[in-house]
Every structure is written in structure tokens, then in C-alpha cells.
Amino acid sequence: LVLGCPLDSNLHMKLGEVYSNAGQFKLARKHLSQAVLLDENNLRAWFGLVDASEGYLQATENKKSKTKREADEEEVEVAKELILFGGEKLMGHYKGTMMGRLVEQLLKESSQMM
């Protein structure tokens with residue numbers, strides 16, 4: 001479907017959610033990023049992007065191998081930046097609402113874990 005409709009934000013978002021649920025966080029981030037590029041107001045894609053980035057961070061923390069490659073460190077930094085950027089976008093959208101306070105609280109908890 002994505003090949004047939006490459007400019008459909010919702011298709012990229014749904015595919016990103018599928019990848020995220022399957023634990024393929026890098027692929028999830030790619031499709032969710034494409035979804036927000038195509039439609040900046042797609043809040044579900046923004047939430048998914050933040051969630052997939054947090055999932056990636058948790059997955060890398062759970063790895064037991066002590067050897068870390070430079071690429072892994074780069075990916076961790078990208079994930080952290082995506083969480084902050086996506087969180088700012090969401091807080092800007094929900095500014096002054098109960099949802100805004102909830103997003104802000106979740107981001108504080110997330111930043112303490114980073």
C-alpha cells in the first residue's frame with residue numbers, strides 16, 4: 001500500500017505502529033517520521049514517534065552485550081532528540097489543556113530515565 005500511495009501520511013503512520021508493536025523501532029521511526037513530514041498535524045504519528053523512540057531506548061538498555069558500537073550511540077542520541085522534539089510539538093499543540101500537562105509530565109519522567 002505504501003508503494004501505491006507514498007504520500008499518504010496515515011499509511012506511513014499505521015505501518016510505523018505495526019513495526020513498533022513488532023519491536024522494529026528503527027523502521028517504526030522511519031515511517032512515523034515520514035508520516036509527520038507529510039502531515040505535520042498528525043498527532044497520532046507524533047505520539048507514535050515519541051513512543052517508538054522511547055521503545056528503542058528501552059530496548060538498547062535491555063541489551064546485555066557490553067560492546068557498544070558508535071552507530072548505536074548515534075541512534076540513541078537520535079532517539080533522545082526525537083523524544084524531545086516530538087514532545088515539544090505535542091505540548092505546543094495541547095498548550096494550556098489537561099492533555100498538555102499530561103504530556104509534560106510524561107516527558108519529565110522520560111527525561112529522568114535518559
Side-chain angles (χ1 to χ4, degrees):
L1 288 173
V2 173
L3 291 174
C5 302
L7 299 179
D8 188 339
S9 174
N10 286 324
L11 285 177
H12 283 282
M13 176 199 58
K14 290 175 184 177
L15 184 57
E17 289 173 344
V18 169
Y19 280 130
S20 185
N21 287 331
Q24 299 293 322
F25 299 111
K26 286 184 185 181
L27 288 171
R29 286 188 346 220
K30 287 179 183 180
H31 284 282
L32 291 164
S33 295
Q34 186 64 27
V36 298
L37 281 173
L38 293 170
D39 181 6
E40 199 173 297
N41 297 318
N42 189 337
L43 297 178
R44 186 170 161 184
W46 281 111
F47 275 109
L49 185 58
V50 170
D51 184 55
S53 298
E54 287 179 346
Y56 179 80
L57 289 178
Q58 288 176 356
T60 56
E61 286 177 12
N62 293 338
K63 283 185 181 177
K64 294 183 180 180
S65 79
K66 294 184 180 184
T67 59
K68 289 190 176 183
R69 297 185 334 233
E70 191 174 306
D72 289 339
E73 291 298 321
E74 244 179 70
E75 289 291 330
V76 166
E77 289 303 313
V78 167
K80 289 178 181 180
E81 290 297 319
L82 284 173
I83 291 169
L84 293 175
F85 184 68
E88 288 175 9
K89 284 286 194 178
L90 290 168
M91 285 188 341
H93 181 78
Y94 291 115
K95 188 176 182 176
T97 66
M98 181 68 98
M99 187 65 169
R101 290 189 289 275
L102 179 62
V103 169
E104 185 176 0
Q105 181 181 358
L106 290 172
L107 287 173
K108 282 181 185 177
E109 290 173 10
S110 178
S111 67
Q112 290 172 355
M113 292 189 326
M114 289 193 263

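- Only one option out of Arg29, Lys26, Lys80 pairs with Glu75 in a side chain to side chain donor-acceptor pair (under 3.5 Å); it is Arg29.
- Applying the salt bridge (Lys or Arg N to Asp or Glu O under 4.0 Å) test to pairs two or more places apart or on separate chains, those with a residue in residues 33-43 are Glu40-Lys89.
- A salt bridge (Lys or Arg N to Asp or Glu O under 4.0 Å) check over residues 1-21, counting only residues at least two apart or in different chains, returns the pairs Glu17-Arg44.
- Cluster partners of Val18 are absent, since no Ile, Leu, Val, Met, Phe, Trp or Tyr has side-chain heavy atoms less than 4.5 Å from it.
- Leu38 and Met13 fall into different hydrophobic clusters, where Ile, Leu, Val, Met, Phe, Trp and Tyr are joined by side-chain heavy atoms under 4.5 Å apart, directly or via other members.
- In this structure, Met91 CE and Leu84 CG are separated by 9.5 Å, a value rounded to the nearest 0.5 Å.
- Nearest heavy atoms, Leu32 versus Ala45: CD2-O, 4.0 Å.
- The minimum heavy-atom distance linking Ser20 with Ala28 is given by the pair N-CB, 3.5 Å.
- Hydrophobic clustering keeps Leu37 apart from Leu27 (ILVMFWY residues linked when any side-chain heavy atoms are closer than 4.5 Å, directly or through intermediates).
- Interatomic distance, CD1 of Ile83 versus CG of Asp51, reported as 9.0 Å (0.5 Å rounding).
- Here the shortest heavy-atom pairing between Ala59 and Phe25 reads CB-CE1, 4.0 Å.
- Legend: residues meeting side chain to side chain donor-acceptor pair (under 3.5 Å) with Ser9, ordered by chain and number and at least two apart, are Asn42.
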Show the atom names and distances, to 0.1 Å, of all donor-acceptor pairs under 3.5 Å that link a side chain in residues 92-107 to residues at least two apart or in another chain.
from, atom 1, to, atom 2, distance (Å)
Thr97, OG1, Tyr94, O, 2.5
Thr97, OG1, Met99, N, 3.4
Thr97, OG1, Gly100, N, 3.2

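- Closest approach of Leu57 to Thr60, counting heavy atoms only: O-OG1, 2.8 Å.
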From CA spacing to verdict: side chain to side chain contact (heavy atoms under 4.5 Å, CB included), Val50, Phe85: CA-CA 9 Å; Val50 170; Phe85 184 68; over 6 Å; no

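- Among residues two or more places apart in sequence or in another chain, the ring-ring contact (aromatic ring centres under 6.0 Å, His included) test is passed with Tyr19 by His31.
- Using a 4.5 Å heavy-atom threshold, the side chains of Glu74 and Glu77 count as separate.
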